[in-house]
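This is the structure I have questions about; it appears just below.
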Amino acid sequence: MSAIRSNVPGPLLTLKRLPHGEGLELPAYETAGAAGMDLRAAVDDGKPLTLAPGARALVPTGWIMEIPHGFEAQIRPRSGLALKNGVTCLNTPGTIDSDYRGEVKVLLINLGEADFVISRGMRVAQMVIAPVTQVRLTEVTETSETVRGAGGFGSTGV
Ligand SMILES: O=c1ccn([C@H]2C[C@H](O)[C@@H](COP(=O)(O)OP(=O)(O)OP(=O)(O)O)O2)c(=O)[nH]1
Ligand SMILES: [Mg+2]
């Protein structure tokens, strides 16, 4: 299926391609209703990255992004890689701050039993753009009472 790259309403994501991202497809929503854009590995052509079982690696995407103010990008695993290969994002969801101007990278870990080979252009993760709210803080000595109170961590039963 070809990727859908345009015609979606929403804020504008500005991207700068880095030299090692030359020739790679833009991140893209693979279907009309996709929540995330798939990100491709900008590893060297002919020099795939092999993740041994238990190993982790920071995979370059070849992109610097300007996430619109008031939004973040979440880097999330692809379920297919997780199911078939045991490969996931170690820090999921990875957070890309709107003021970050470094290369977006994907921290992958191989929780499977076999080597996992990452070749150039492989879709290794997906990126969801989500609104964020920055709050103001006020320090107090007492907080309001609720029925839940301090109950948590299974306090309501199974
Ligand atoms: O999966 C990720 C997670 C983070 N980053 C980049 C963008 C993000 O804005 C920056 C910082 O990420 P984070 O705040 O999660 O890491 P930190 O350990 O708190 O580093 P810092 O002290 O730089 O904030 O690193 C990525 O490229 N990929
Ligand atoms: Mg941080």
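The chain is numbered in sequence order, starting from 1. Remember, it's 1-based here, ligands and their atoms both numbered in the order they're listed. Small disclaimer: the values here were computed from a predicted structure and weren't measured.
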Item to complete: Write out the residue and atom name of the closest protein heavy atom to atom 25 (O) of ligand 1, then the distance separating them to 0.1 Å.
Response: Y100 CE1, 4.1 Å

Practice prompt. Indicate, as side chain, backbone, both or neither, the part of N91 found under 4.0 angstrom from ligand 1 when only non-hydrogen atoms are considered.
Written response: side chain

Fill in: Sub-4.0 Å protein heavy atom next to atom 20 (O) of ligand 1
no

Item to complete: Give the atoms of ligand 1, by number and element, whose distance to some non-hydrogen atom of E103 is under 4.0 Å.
Response: 27 (O)

Worksheet item: How far is atom 5 (N) of ligand 1 from its nearest protein heavy atom, and which residue and atom name does that atom have?
Response: I96 CD1, 3.6 Å

Practice prompt. Considering the heavy atoms of G94, write down every atom of ligand 1 situated less than 4.0 Å from one of them.
Written response: 1 (O)

Worksheet entry | I129 and M65, any side-chain heavy atoms less than 4.5 Å apart | no

Item to complete: Can you sort out which atoms of ligand 1 are near V104, meaning under 4.0 Å from one of its heavy atoms?
Response: 27 (O)

Worksheet item: Just to confirm, does any protein heavy atom lie below 4.0 Å from atom 12 (O) of ligand 1?
Response: yes

Discussion item. Determine whether a donor-acceptor pair (N or O, by modelled atom type, separation under 3.5 Å) exists between the side chain of R17 and the backbone of L24.
Written reply: yes

Fill in: Within 6.0 angstrom of R101 CZ, more than 12 heavy atoms from elsewhere
yes

Worksheet item: Got L58 and V106 here, is their nearest side-chain heavy-atom distance under 4.5 Å?
Response: no

Worksheet entry | Contact with ligand 1 for L107, non-hydrogen, under 4.0 angstrom | no

Item to complete: Check whether more than 12 heavy atoms from other residues, nucleotides or ligands sit under 6.0 Å from atom CZ of R56, and answer yes or no.
Response: no

Worksheet entry | Main-chain N/O of G62 paired to E103 side chain as donor or acceptor, under 3.5 Å | yes

Discussion item. Could you check whether any side-chain N or O of Q126 sits under 3.5 Å from a backbone N or O of P77, counting only pairs where one atom can act as donor and the other as acceptor?
Written reply: yes

Worksheet item: Are any of the protein's heavy atoms under 4.0 angstrom from atom 28 (N) of ligand 1, yes or no?
Response: yes

Worksheet item: Which of the atoms of ligand 1 are close to T95, meaning less than 4.0 Å from one of its heavy atoms?
Response: 3 (C), 4 (C), 5 (N), 7 (C), 8 (C), 9 (O), 12 (O)

Discussion item. Give me the nearest non-hydrogen protein atom to atom 9 (O) of ligand 1 as residue plus atom name, then the distance to 0.1 Å.
Written reply: D97 OD2, 2.5 Å

Item to complete: Taking the side chain as every heavy atom from C-beta outward, state whether M122 and P48 have any pair of such atoms under 4.5 Å apart.
Response: no

Practice prompt. Could you name the option among M65, Q74, K105 that has the heavy atom nearest to atom 2 (C) of ligand 1?
Written response: K105

Practice prompt. For D38 and R123, indicate whether the former's side chain and the latter's backbone hold a donor-acceptor pair under 3.5 Å.
Written response: no

Fill in: atom 17 (P) of ligand 1 within contact range, any protein heavy atom under 4.0 Å
no

